[in-house]
Enquirer: 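Pasting in a structure now, in structure tokens, and then I'll have a few things to ask.
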Amino acid sequence: MTNALIVIDVQNDFCPGGALAVPEADEIVPGINALMEAFDAVILTQDWHPAGHSSFASSHQGVDPMSVIDMPYGPQVLWPDHCIQLTDGAAFHRDLRMDGDLIIRKGFNPAIDSYSAFFENDHVTPTGLDGYLRARQIKTLTFVGLALDFCVHYSAVDAAKLGFEVTVRQDLCRAIDFDGSLVGAQSAMQNAGVKLI
Ligand code: VGL
Ligand code: ZN
């Protein structure tokens with residue numbers, strides 16, 4: 001059985017000092033690097049927004065970061081500006097091993113956010129990752145990275161729905177944990193059949 005490690009969004013803006021810093025995010029980098037050895041394939045994802053992206057609070061009138069608005073595709077948290085294409089904030093953590101097989105960028109459509117590595121937040125527009133994994137006959141996925149309660153969560157749930165055998169290594173993830181998002185994410189992943197370890 002062919003397995004892949006999927007490393008979600010280990011980028012400067014999600015690390016301490018970044019625009020959308022996740023507490024202790026940098027602590028997971030050495031463990032992720034070491035874990036890469038154990039997999040047939042290593043795939044990195046990169047949150048990759050154009051300036052003025054619709055998921056940024058700054059793109060809307062009179063709303064604060066971390067408030068929620070209704071978008072045509074459903075509710076959307078409005079974030080501080082982060083991971084803008086070609087900026088240092090969008091770059092991978094400097095210590096992250098970069099010898100993986102594929103980098104999948106997401107969130108580049110100005111009108112739709114993309115938490116999941118598989119689909120944009122409309123839950124129908126594919127990123128291409130599913131096709132790539134099937135073409136390589138990869139059936140088993142392990143997720144690590146940032147943030148556990150957003151991009152790791154939605155990626156793992158989509159992967160399980162697509163029929164992959166999915167594990168999330170929570171010790172190699174860190175969460176934003178805002179407004180109950182972490183416990184909500186853990187129960188959603190469990191209900192989807194994701195193995196949480
Ligand atoms: C993420 C919020 C906005 C993540 C990305 O990687 O979890 N969260 N963009
Ligand atoms: Zn983002």
Side-chain angles (χ1 to χ4, degrees), residues 5-29 32 43-60 63-69 71 73-93 96 100 103-123 125 127 129 141 143-159 166 168-170 172-186 188-189 194 196:
L5 179 66
I6 307 200
V7 181
I8 301 288
D9 298 359
V10 181
Q11 294 167 258
N12 292 327
D13 269 342
F14 298 123
C15 292
L20 180 39
V22 181
E24 304 171 345
D26 46 349
E27 292 178 2
I28 65 178
V29 173
I32 291 173
I43 293 147
L44 311 176
T45 71
Q46 190 171 28
D47 208 39
W48 193 248
H49 300 305
H53 191 260
S54 58
S55 74
F56 298 167
S58 64
S59 304
H60 303 265
V63 290
D64 292 321
M66 312 311 282
S67 54
V68 181
I69 60 162
M71 296 287 257
Y73 53 84
Q76 170 70 50
V77 180
L78 294 176
W79 304 103
D81 291 20
H82 65 278
C83 295
I84 295 172
Q85 296 170 1
L86 303 175
T87 64
D88 186 58
F92 289 101
H93 189 287
L96 185 68
I103 296 172
I104 190 122
R105 287 173 165 167
K106 60 185 182 62
F108 47 74
N109 179 340
I112 314 184
D113 206 0
S114 188
Y115 294 150
S116 166
F118 292 93
F119 297 102
E120 295 186 355
N121 282 11
D122 61 4
H123 303 295
T125 308
T127 62
L129 180 57
L141 305 179
F143 287 88
V144 295
L146 306 169
L148 176 58
D149 42 349
F150 286 92
C151 290
V152 174
H153 157 209
Y154 286 98
S155 298
V157 168
D158 280 347
V166 182
V168 171
R169 279 279 302 260
Q170 295 190 96
L172 295 176
C173 295
R174 291 293 183 273
I176 296 171
D177 198 9
F178 129 84
D179 201 16
S181 57
L182 178 55
V183 287
Q186 286 167 326
M189 288 189 281
V194 173
L196 292 176

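When a residue number appears, it is its place in the shown sequence, counting from 1. Whatever order the structure lists ligands and atoms in, that order sets their numbers, starting from 1.
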Enquirer: Would you say that Leu141 contacts Ile43 through its side chain, given a criterion of any heavy-atom pair below 4.5 Å between the two side chains?
Expert: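 When only atoms from C-beta onward are counted, Ile43 and Leu141 do not touch, as no gap falls below 4.5 Å.
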Enquirer: Identify, by atom number and element, the atoms of ligand 1 in contact range of Phe14, meaning under 4.0 Å from any of its heavy atoms.
Expert: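 Taking each heavy atom of Phe14 in turn, ligand 1 has 1 (C), 4 (C), 5 (C), 6 (O), 9 (N) under 4.0 Å.
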Enquirer: Between Cys151, Ser181, Cys83, Ala175, flag the one that comes closest to atom 4 (C) of ligand 1 by a heavy atom.
Expert: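 Minimum heavy-atom distance to atom 4 (C) of ligand 1 goes to Cys151.
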Enquirer: So, do His82 and Phe56 have ring centers that fall under 6.0 Å from each other?
Expert: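 Yes, they do, as the ring centres are separated by less than 6.0 Å.
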Enquirer: Please walk me through it: do Ser155 and Asp158 pass side-chain hydrogen bond (donor to acceptor under 3.5 Å, both in side chains)?
Expert: CA-CA 5 Å; Ser155 298; Asp158 280 347; over 6 Å; no
Enquirer: Is any side-chain heavy atom of Tyr115 less than 4.5 Å from a side-chain heavy atom of Asp47?
Expert: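 Side-chain contact under 4.5 Å: no.
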Enquirer: Side-chain contact, heavy-atom cut-off 4.5 Å: Glu120 with Asp113?
Expert: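 No. Closest side-chain heavy atoms not under 4.5 Å.
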Enquirer: So, His53 versus Phe108, ring centres under 6.0 angstrom or not?
Expert: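 Between His53 and Phe108, the centre distance exceeds or equals 6.0 Å.
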Enquirer: Please examine the side chains of His153 and Leu148, heavy atoms only from C-beta on, and report whether any two atoms are closer than 4.5 Å.
Expert: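 Of all side-chain heavy-atom pairs linking His153 with Leu148, none is under 4.5 Å.
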Enquirer: Which ligand 1 atoms does His82 reach within 4.0 Å, using its non-hydrogen atoms?
Expert: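 With His82 as reference, the close atoms of ligand 1 come out as 3 (C), 9 (N).
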Enquirer: Which option, Asp9, Asp47, Asp149, owns the non-hydrogen atom nearest atom 9 (N) of ligand 1?
Expert: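 Ranked by closest heavy atom to atom 9 (N) of ligand 1, first place is Asp47.
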Enquirer: Between the side chains of Lys106 and Asp9, is the shortest nitrogen-to-carboxylate-oxygen separation below 4.0 Å, so that they form an ion pair?
Expert: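 Salt bridge: yes.
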Enquirer: As an exercise, state the distance from CD of Gln186 to CD of Gln170, rounded to the nearest 0.5 Å.
Expert: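 It comes to 5.0 Å.
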Enquirer: What protein N/O/S atoms sit under 2.8 Å from the Zn ion (ligand 2), by chain and number?
Expert: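 Sorted hits: Asp47 OD2, His49 NE2, His82 NE2.
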Enquirer: Give the single entry among Phe150, Phe56, Tyr154, Trp79 that approaches atom 2 (C) of ligand 1 most closely by any heavy atom.
Expert: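 Ranked by closest heavy atom to atom 2 (C) of ligand 1, first place is Trp79.
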Enquirer: Which bit of Leu146 gets closer than 4.0 Å to ligand 1, counting heavy atoms only: side chain, backbone, both or neither?
Expert: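 Answer for Leu146: backbone.
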